[in-house]
Structure formats: C-alpha cells, structure tokens
Amino acid sequence: MKATFPHLLHLDIALGVLYPALGVEIITPPPITQKTIEIGVKLAPQNACFPLKVTLANFIEGIELGADTIFMAGGVGPCRFGYYGQIQRIILEDLGYNVNFVLLDHPRYGIRPFIRALQAMAGGRVLSSRVIKVASLAWKILRFSEELETERRALRAQVKNRQQLDEIVEGALEQLRQVNNGESLQAIQEATRKKLNSLERKEIEDLIKVGIVGEIYIAQETKINFNVEKILGDLGAYVHNSVSTVEYVLHTLPFTHSQEKLEAWKLAKPYLKRFVGGEGIDTVGSTIRYAQQGFDGVIHLYPFTCMPEVVAKSILTTVSKDYDLPILHLAIDEHSGEAGLVTRVEAFVDVLERRKKLNKRKLEVS
Amino acid sequence: MKVGIPRGLLFYRFYALWKTFLEELGAEVVTSPPTNKNIIQQGLTYAVEEICFPAKVFLGHALYLKDRVDLLFIPRVVSFHRKEYNCPKILALPDLARNLFSIPGERIIDDEINMREEGMRGWQKGFLNIGKHFTTKESKIMKALQLAEKAYKEYQTNLKQGILPEDLIDHKNPLPLRERKIVLLGHTYLLSDSYINMNIAKKVNDLNYSVITPDMVEEEKKRYYLSTIPKPSFWTISNEIIGSALYHLKERKAEVRGFIHLVSFECGPDSLVGELIERLLKREKESLPYLRLEIDEHTGEAGLVTRLEAFVDMMEWRYKNIESHVSSFASS
C-alpha cells in the first residue's frame, strides 16, 4: 500500500513523520502549483468549491507518483466538505484510476466503517502504545508548525531583516521532517525560539494589526490564497490568523474541545444563533474577538460560493457597522488573479493606516 | 396578530402546514404576493451578491412583508429528516433577515425545527415553541399542529397527483396533461416559483411534455433508491432529487424521455449532487438525455428557451433513432 493524502499547509510534515513510523508507506503529493490547480479545475464539477478541486488534483498527482491508496476525511454536513470524498471517488473511478479510497467518515455513518478506516490509516491496530506515542509526536509537530507560522505572521512587519525571518522558519520546518522523537523536537523548538528572539526589531509607532478569519483551507493554505499574510506583513501590518487545523481537530474529536472556538461561538451568538456548518460561526465570532482586542481590520478569506462563509459574510456587514471595524472579503477560486488581490489588500492597508492616524488625532484634540 | 410568511424557499413545501397551524392559533396569516420584479430588486439590493438566487428572492419577500405585519414567520428549519440537514443558508435564514434589515429579534418567529437528532420529537418541540408566541396552552398548540399536519398530508397528496405547488397555493388551473414526460429535477422552491424559473413547466408543456418533479414521486421510492448509493448526501432536498432521478432511471416508464435538472448558480448542494446524478446517469447502459440548466438573476429568457428547444429536439431525435434501431434489429 502506498497512500497519498491532501495538502493543507504543513500537514504533510506531521503526516510524513507519523506514517513511516507506523510502517505505512506514503507518497506526499507534489507541492501545489499552477499545474495542480489546472488539473483540479479540469476534472472537478465547475461549481464545486475550490478546495475540492485542489485536493482532487493532489490525489491525481499523488497517484501519478505511484500511490494506490487515498486517505481522506469525511463529514456530516451541512458544509460541502463532508461530501468531497464521495464526489472525488466517483470522479477517480470514472477516470479509470484503480485506487483504494479510504474515507474516514464520522462514526455516525457506522462505527464499523469508521474503525476499519482508522485501522487502515493507522497501519493495522488503532490503539497500540506505539500508535499513541507516534500520533502524539505527530500532533506536537503539527502544533509547532502552526506556532512557527504564527510567529512569522506577527514578526514580519517588525523585524529588520525579513529574509532572515523566512530562513529561520523555513529551516525549522525542514528540520521538523527529520524528527523521530520528543527530544529532537524539543531541541528544534528551543533553538528556533532563541533565533527568533534574537532577530533585530524595528521601532514602530502605531503598528497596524490585521486579523484573518475564514474557511479552514483557503484561510490557511498560503499556496492558494496568494500568501495574503506575507503581503500584509510586507506592507507593515502585524497579522494574526484565527484559523487553525489544530483547533479544528480538537473541536472535531469526540472527547476534546477547542476553548478558542467555544469562545468565538459565544461571541457570535447575538448575530448568528447557531452552527451553520464549516467555519461560518467561527468567522463571525473571531471577527468580534479581533474588534474587542483592538485590531484595526479583518480580512475574510473563503472559497467562492462557500455556503457557511457566504452566511458569515452577510452577517459580518452588521458586525462591521456595530464595531466600526473595516473588513475586506476575499473570495478565492481558480479565477482569482494575484495583481487584483494585491491591489485590494494594499488599498485596504492604506485605509487602515489613515483611519488609525485620524483616530489618534481625534483623541489628541479631545 | 398579523403574521407574515415570505413566499420563498421552504414556503412552497410547508405553506399548507404553516398557514393552518398559525390560523388555528388565532393569527392572521399574510403571504407576500407571487415574486415580481420589484421583490427581486429589493432582494438583490440587500443580500450579499454571492448568496444563491432563491435566497435573495426570499429576502426580497421578507422585506416586502417587514412593515406590513406584526411578526415575520421565518422558523429556523435546521432539518426535517432524521440524520440530515438543510443547507447553511436555510439554517441561518432568520439571522440573515435580522442582520440585513436590522429587524429587532422579537419581531421574527425564528424557533428551531430540528429533526436531525430527535426525529418527530424535534419537530413537535419546534412547533410547541412557535405556538408559545400565541398561547400558553400546550394542548391548543398540539391540536393546531395535528390539524396542520392533516392539511400538509392533503397538500402532499395533491402534489403527488401532479399538481404544481403554485397552482395549489394560488388556485390556478393546472397545465394540461401531456402523454410524454420529462423528469424535472431541482429544489421545490426553484421549480415552484414560475417567475424565477421563467415558467419552465409551462414552456415544457408547450413543447408537448408534462413535467414530473421530485414532489410527485413516492417518498418510499425516493428513499429506497437513495439507499442504493454508497453514501447519501446530508441535505434532505438534494437526497430527494437523487432518489427521484434514480427511481426514474431504474423503474423506467415508456413515457419518460429525459431529465432536466434546474439548479441555481450558487447552490452548494446541487453543485455536487448534480455532478453525482449526471455521472450515475452516464454510467447506465441505456440512459436518458440529461440537461442541466443553471439559473440566476442574470439568466435571459431567450437563452433558456433556445436550450430547452434544442434539448427537446435532441431527445426526440435520439428516441426515434434508438427505436428504429431496436425494431430493425428485432425484424432481422
């Protein structure tokens, strides 16, 4: 068995440590490029949301490298993500690919298929002490890879040498791929934190703070969203991203929950009374949280026609008014162009800077 | 008390039920008029551009009623089938109206009807909460619900006979029955609003075909054929569409000549389910022609008619050729 899986930011690093340790041979799909997008667009339904197209192309590129098995997660709705696997499988079948599609669906669709899928993904037994040990290491790696990106977003505008920042983060991510025990991970963590702390900072008055909210795939996958966070950082903005795979997994697993998400849901209640699938309610809640924390603006990233995010967008118009918070909505799909996106982000940052100056002057006068 | 029911989305499914229920509780029920240009315009002005056309139309209707009634009736119909959902836009419908029009929360009846986990208990709980806006007596509410369910059954029976929801609601004369049929797939709210679907049922009828909608297929049949695919979707209405498509495919009647799937451009569920149906139809050895028509506020009537006519021509040509082929084969 040679298994392939979809990309999602640095998920491949954690899985690349997890599976070999479990004795499962994996084939990491090649990094997402324009060609990947073209494959997905050609084969997927025209009006399907963008992540379906890109992940389908990941599978195909993985199969071309020799994969014969696909690992994919399912869901119970009402967001379309839960039905991706079914559509992708039927498309691959019709294309004549003879692959084993292992779909980890919610136990709601039958506890047996769930355990069988989990077993297949864990290379045999689910609950051996070795599986638990390796899984927890992979989990820590995923967490640290997200922490690295959090640091990079926050620091980009503040450090004197951005290239150095990138080198440290990229270097650490590369090193993570070689981790095989807790000690080597800890060593990387300590060394990287030290390096990041020693970076020379600029003195910045009135640092613009921008929050990112939106759909889990588009808001995180920098290869698809034109690396909006880098554009923002280069323009001199401190960036925080509320979307995280770690929090998503914590919230989806039956016995854990994400404090961050619970808090966001509570904040969203006055505007959106219930969960509407995907990250719809998180988007609303996180935007309110950013407003309360004094962020200057929010960027909302989502796939074009994403149902939960379109609901969130409708509701954010009111949130924006009530909290006097500028929000830039960016719908991403295969038709999005980089130049147009950069122009919009630049204009948005200009607005935020101007607003900040005006507000300050107002405060000084009064 | 005047209660307004916007004429859109689930209205076409539950109108008989909602109206009877509210009237039994002493409310004066007001519905918005059939969709017109003005209502659409209002919807387009307020809704975000990316939401689906039927949702925009719904918002237009809600806005029409806003200042004409005391209470707007926009229940949050999370689910009307066990283990299934409605789409996120329907789940958030009262919130959308409240936020976009800045209506105070207490002017909208937005109680949740959710059969996903609890089945009938969730259904009754929902209506009990709605009833409490009008009376404190639970027995009165349950009695109203019973009568409402009876009216709903009657409405469904009429639909099964082949009458379109709009004709039932507005007491219009049904279209003449044609011998040959086209299966018209799609969400009830799209198939039933003749203004937004450019009167497709009539246009098909003028071409000498009657339509069969998912509403006209027995519930058990739809559910049976749905269960034959590996994993049904989690959207009730889309599941009914899959079920009726497969029913017509597998229990083929001679008068059924083809499938038309009417979808709104930004419909999330149909973007996947439409693909699934198309592929399942293609896999069948002797399948029937399939046409997917996408509709939104920019759709032109002329374009739609042309595609419809071309499709019917192709369908007839194909039917004749396959027929002659079969007969010649049989005689030799």
Side-chain angles (χ1 to χ4, degrees), chain A residues 44-49 52 74-80 82-91 93-94 101 103 105-106 108-110 113 268-278 280-281 284 302-319 321-322 329 331, chain B residues 46-52 55-56 59 76 78-79 83-102 105 110-112 114 116-117 229-236 238 263-276 278-280 282-283 292 294:
Chain A
Q46 186 196 351
N47 290 342
C49 34
L52 184 148
V76 286
C79 152
R80 268 180 278 184
Y83 213 49
Y84 276 16
Q86 300 301 321
I87 299 296
Q88 289 169 331
R89 181 173 59 196
I90 195 170
I91 292 173
E93 278 172 11
D94 282 354
F101 208 105
L103 192 62
D105 230 323
H106 198 278
R108 181 185 279 274
Y109 283 103
K269 274 279 153 68
Y271 295 90
L272 182 59
K273 287 191 186 164
R274 83 180 308 282
F275 171 73
V276 292
I281 190 166
V284 176
Y302 59 99
F304 181 58
T305 74
C306 169
M307 301 186 284
E309 296 301 328
V310 166
V311 166
K313 183 181 176 186
S314 312
I315 285 161
L316 285 184
T317 46
T318 317
V319 174
K321 253 183 256 161
D322 289 0
H329 302 277
Chain B
Y46 278 87
V48 291
E49 67 268 37
E50 289 151 287
I51 210 161
C52 64
K56 288 175 185 164
L59 290 168
R76 194 188 302 274
V78 173
S79 157
K83 295 186 176 179
E84 289 176 2
Y85 264 125
N86 280 317
C87 94
K89 291 158 197 170
I90 293 180
L91 261 60
L93 212 47
D95 295 321
L96 293 182
R98 191 159 50 97
N99 282 291
L100 291 171
F101 307 143
S102 337
D110 69 344
D111 298 276
E112 185 167 308
N114 189 350
R116 191 170 124 87
E117 305 284 347
I229 64 169
K231 175 187 167 185
S233 83
F234 22 71
W235 306 290
T236 306
S238 296
V263 298
S264 36
F265 169 63
E266 257 128 6
C267 180
D270 273 6
S271 71
L272 301 189
V273 165
E275 180 81 8
L276 182 74
E278 197 175 335
R279 283 176 186 272
L280 292 177
K282 268 188 197 159
R283 281 179 176 193
R292 185 159 14 166
E294 271 174 25

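Basis for what follows: all heavy atoms, side chains included, without hydrogens, waters or symmetry-related copies. Within every chain, numbering begins at 1; the chains are lettered A, B, ... in the order of the sequence lines, protein sequences first and strands thereafter. On a predicted model such as this, the values are computed, not experimentally measured, just so you know.
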Please state whether the side chain, the backbone, both or neither of [X] comes within less than 4.5 Å of a heavy atom of chain A.
X	result
Glu278(B)	neither
Ile229(B)	side chain
Tyr46(B)	neither
Val78(B)	side chain
Asp270(B)	neither
Glu50(B)	both
Pro94(B)	neither

Measure up the Tyr83(A) and Phe234(B) rings against each other and bin them: parallel (under 30°), tilted (30 to 60°), perpendicular (over 60°).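 Because their plane-to-plane angle is over 60°, the rings of Tyr83(A) and Phe234(B) count as perpendicular.
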Structural part of [X] lying under 4.5 Å from a heavy atom of chain B:
X	result
Cys79(A)	backbone
Thr317(A)	side chain
Asp322(A)	neither
Ile87(A)	side chain
Pro303(A)	neither
Leu52(A)	side chain

N-O pairing of [X] and [Y] below 4.0 Å:
X	Y	value
Arg283(B)	Glu93(A)	yes
Asp95(B)	Arg76(B)	yes
Lys313(A)	Glu309(A)	no

Looking only at heavy atoms, which two atoms of Lys231(B) and Gly82(A) are closest? And how far apart?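 Result for this residue pair: NZ-O, 3.0 Å.
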Shortest non-hydrogen contact from Leu272(A) toward Arg98(B):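 That would be N-NH2, 4.4 Å.
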Side chain [X], main chain [Y], donor-acceptor under 3.5 Å:
X	Y	result
Lys56(B)	Glu49(B)	yes
Asn99(B)	Tyr271(A)	yes
Ser314(A)	Val310(A)	yes

Hey, could you give me the CE/SG distance between Met307(A) and Cys267(B), rounded to the nearest 0.5 Å?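 Between atom CE of Met307(A) and atom SG of Cys267(B) there are 7.5 Å.
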Quick check: do Gln86(A) and Phe101(A) have side-chain heavy atoms less than 4.5 Å from each other?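 Answer no - side chains too far apart.
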Top contributor to chain B contacts, counting heavy-atom pairs under 4.5 Å, from Ile91(A), Leu103(A), Asp105(A), Val319(A):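 Highest number of pairs under 4.5 Å: Ile91(A).
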Under a 4.5 Å heavy-atom cutoff, which of Thr305(A), Thr318(A), Asn47(A) has the most pairs with chain B?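 Heavy-atom pairs under 4.5 Å are most numerous for Asn47(A).
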Leading residue by heavy atom contact count with chain A [cutoff under 4.5 Å; candidates Glu112(B), Lys83(B), Lys282(B)]: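 Most heavy-atom pairs within the cutoff with chain A belong to Glu112(B).
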Among Ala92(B), Pro230(B), Cys52(B), Ser233(B), residue most engaged with chain A (heavy-atom pairs, under 4.5 Å):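 That would be Ser233(B).
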